[in-house]
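Remember, it's 1-based here, ligands and their atoms both numbered in the order they're listed.
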Amino acid sequence: MSTIFIISAPSGSGKSTLVKHLLANVPRLRFSVSYTTREPRGAEKDGENYHFVTREAFETMLAGNEFLEWAKVFDRDYYGTHQGILEDAREHGQDLVLDIDVQGARQLKEKFPDAGAVVTIFILPPSKQELEQRLRSRGEDSDEVIARRLGKAADEIRNYEAYDYVLINRDLREAEATLSAIVRAERVRRARIEDQIRPILDTFKS
Ligand code: ADP
Ligand code: 5GP
């Protein structure tokens, strides 16, 4: 059974940086590429950052019940996680990492209520000032876009109570280590490793 790790954060908190490090340093993880109806931005590639699809194509998949979870984000575009991604991860003995919003996190917690089946992590910046600084130093957004992102962050941060873990991204190295530790610790929950425990116990049978 694959564990579903959900990571959410306001834009600029360091989520992409932390997820990239996690995928490069912890084995048996697969990143879930979502479907979206929004336009690609900057250097984004179809199939890598998202599967970019038309609204018609998305609605057809929706009608066919193909999504594990889906949401309309910012009252505009559709985003969804395809069922197939979980089947793929299971076949390959991998856990899944999802970069999705709080609506998706809630849906998956309801769908898989067993303890440890869905693990949710919210990444917080140390302060609004630091978040603004990071958005500026990233150098991707205009003043207007930065102001909009900061406004949105104030709303998003209120959702932290729906999450299992809240990771404050102060020192990057420390946050990277903590995120890896969360994944590794969740993997040794007793209920998740019963099938590994039994053969060990069997070796002690006389
Ligand atoms: P997100 O994916 O959440 O939008 P990014 O990973 O793009 O955020 O990070 C935003 C900016 O902040 C990037 O320039 C990144 O290098 C920087 N950054 C990330 N974590 C830290 C940290 N702990 N301290 C300082 N800068 C950071
Ligand atoms: P962006 O358009 O900036 O890439 O993402 C906007 C928001 O949509 C982010 O909060 C991101 O986590 C969320 N998101 C991306 N993919 C999905 C998805 O498949 N499902 C849900 N529920 N949210 C998603």
Side-chain angles (χ1 to χ4, degrees), residues 4-24 30-53 57-58 61-62 66-86 96-111 118 120-141 145-146 148-160 162-163 166-179:
I4 297 175
F5 290 98
I6 297 179
I7 305 184
S8 305
S11 176
S13 307
K15 181 173 58 180
S16 316
T17 310
L18 288 167
V19 167
K20 207 168 147 195
H21 181 272
L22 179 69
L23 296 172
R30 171 175 296 219
F31 181 71
S32 165
V33 179
S34 293
Y35 283 77
T36 184
T37 58
R38 85 149 161 76
E39 293 293 315
R41 280 195 307 250
E44 284 181 336
K45 287 203 192 87
D46 187 35
E48 208 170 283
N49 306 87
Y50 285 102
H51 299 288
F52 295 100
V53 294
F58 195 97
M61 288 193 278
L62 206 53
E66 293 183 38
F67 291 113
L68 267 184
E69 65 74 38
W70 67 277
K72 203 172 182 186
V73 179
F74 312 136
D75 288 329
R76 201 184 46 223
D77 293 302
Y78 288 107
Y79 293 80
T81 306
H82 201 275
Q83 303 264 11
I85 191 90
L86 184 58
L96 263 189
V97 176
L98 273 64
D99 167 351
I100 64 174
D101 77 342
V102 68
Q103 306 176 73
R106 289 206 171 103
Q107 288 174 50
L108 290 178
K109 277 277 189 191
E110 272 172 30
K111 200 165 194 159
V118 176
T120 55
I121 304 155
F122 195 85
I123 297 169
L124 266 184
S127 66
K128 186 179 180 189
Q129 290 72 20
E130 178 64 24
L131 180 62
E132 181 168 1
Q133 186 56 42
R134 287 184 193 169
L135 286 168
R136 291 201 185 286
S137 66
R138 189 166 68 178
E140 275 181 12
D141 304 317
V145 172
I146 287 176
R148 208 177 327 131
R149 287 196 193 282
L150 288 173
K152 233 180 316 178
D155 292 335
E156 287 167 348
I157 279 170
R158 288 193 203 103
N159 294 314
Y160 80 90
Y163 287 75
V166 177
L167 176 54
I168 303 170
N169 180 17
R170 283 197 188 87
D171 175 74
L172 182 59
R173 298 285 164 262
E174 198 181 323
E176 285 169 347
T178 304
L179 184 57

Checklist entry - At a 4.0 angstrom heavy-atom cut-off, what protein residues surround ligand 1? => result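 Only Pro10, Ser11, Gly12, Ser13, Gly14, Lys15, Ser16, Thr17, Arg134, Arg138, Asn169, Arg170, Asp171, Leu172 have heavy atoms that fall under 4.0 Å of ligand 1, ordered by chain and number.
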Item to check | Non-neighbouring partners of Glu66 that pass salt bridge (Lys or Arg N to Asp or Glu O under 4.0 Å), sequence neighbours left out | outcome: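 Per chain and number, Glu66 pairs via salt bridge (Lys or Arg N to Asp or Glu O under 4.0 Å) with no residue.
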Taking NZ, NE, NH1 and NH2 as the nitrogens, is one of them in [X] or [Y] under 4.0 Å from a carboxylate oxygen of the other?
X      : Y      : answer
Arg38  : Glu44  : yes
Lys128 : Glu132 : no
Arg134 : Glu130 : yes

Checklist entry - At their closest point, which heavy atom of Ala9 faces which heavy atom of Glu156, and how far apart are they? => result O-OE1, 4.3 Å
Checklist entry - What pair of heavy atoms forms the shortest contact from Arg158 to Asp155, and how long is it? => result NH1-OD1, 3.0 Å
Do any nitrogen or oxygen atoms of ligand 2 lie under 3.5 Å from a protein nitrogen or oxygen, and which ones?
{"unit_1": "ligand 2", "atom_1": "2 (O)", "unit_2": "Arg38", "atom_2": "NE", "d": "2.6"}
{"unit_1": "ligand 2", "atom_1": "2 (O)", "unit_2": "Arg38", "atom_2": "NH2", "d": "3.4"}
{"unit_1": "ligand 2", "atom_1": "2 (O)", "unit_2": "Tyr79", "atom_2": "OH", "d": "2.5"}
{"unit_1": "ligand 2", "atom_1": "3 (O)", "unit_2": "Arg41", "atom_2": "NH2", "d": "3.2"}
{"unit_1": "ligand 2", "atom_1": "4 (O)", "unit_2": "Arg38", "atom_2": "NH2", "d": "2.9"}
{"unit_1": "ligand 2", "atom_1": "4 (O)", "unit_2": "Tyr50", "atom_2": "OH", "d": "2.5"}
{"unit_1": "ligand 2", "atom_1": "5 (O)", "unit_2": "Tyr50", "atom_2": "OH", "d": "3.3"}
{"unit_1": "ligand 2", "atom_1": "12 (O)", "unit_2": "Asp99", "atom_2": "O", "d": "3.4"}
{"unit_1": "ligand 2", "atom_1": "12 (O)", "unit_2": "Asp99", "atom_2": "OD1", "d": "2.7"}
{"unit_1": "ligand 2", "atom_1": "16 (N)", "unit_2": "Ser34", "atom_2": "OG", "d": "3.2"}
{"unit_1": "ligand 2", "atom_1": "19 (O)", "unit_2": "Ser34", "atom_2": "OG", "d": "2.6"}
{"unit_1": "ligand 2", "atom_1": "19 (O)", "unit_2": "Glu69", "atom_2": "OE2", "d": "3.2"}
{"unit_1": "ligand 2", "atom_1": "19 (O)", "unit_2": "Gly80", "atom_2": "N", "d": "3.3"}
{"unit_1": "ligand 2", "atom_1": "19 (O)", "unit_2": "Gly80", "atom_2": "O", "d": "3.3"}
{"unit_1": "ligand 2", "atom_1": "19 (O)", "unit_2": "Thr81", "atom_2": "OG1", "d": "3.4"}
{"unit_1": "ligand 2", "atom_1": "20 (N)", "unit_2": "Glu69", "atom_2": "OE1", "d": "3.3"}
{"unit_1": "ligand 2", "atom_1": "20 (N)", "unit_2": "Glu69", "atom_2": "OE2", "d": "2.7"}
{"unit_1": "ligand 2", "atom_1": "22 (N)", "unit_2": "Glu69", "atom_2": "OE1", "d": "2.9"}
{"unit_1": "ligand 2", "atom_1": "22 (N)", "unit_2": "Asp101", "atom_2": "OD1", "d": "2.8"}
{"unit_1": "ligand 2", "atom_1": "23 (N)", "unit_2": "Asp101", "atom_2": "N", "d": "3.2"}
{"unit_1": "ligand 2", "atom_1": "23 (N)", "unit_2": "Asp101", "atom_2": "OD1", "d": "3.4"}

Next on the checklist: Once side chain to side chain donor-acceptor pair (under 3.5 Å) is applied, do any residues pair with Arg170, and if so which ones, sequence neighbours excluded?
Outcome noted: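 In terms of side chain to side chain donor-acceptor pair (under 3.5 Å), with neighbours along the sequence ignored, Arg170 is linked to no residue.
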Next on the checklist: Is there a side-chain contact between Ile85 and Leu98 in this structure, where contact means two heavy atoms from C-beta onward sitting under 4.5 Å apart?
Outcome noted: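 Of all side-chain heavy-atom pairs linking Leu98 with Ile85, none is under 4.5 Å.
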Next on the checklist: Name the residue from Tyr50, Tyr35, Phe58 that meets the ring pair (Phe, Tyr, Trp, His ring centres under 6.0 Å) definition with Tyr79.
Outcome noted: Tyr50
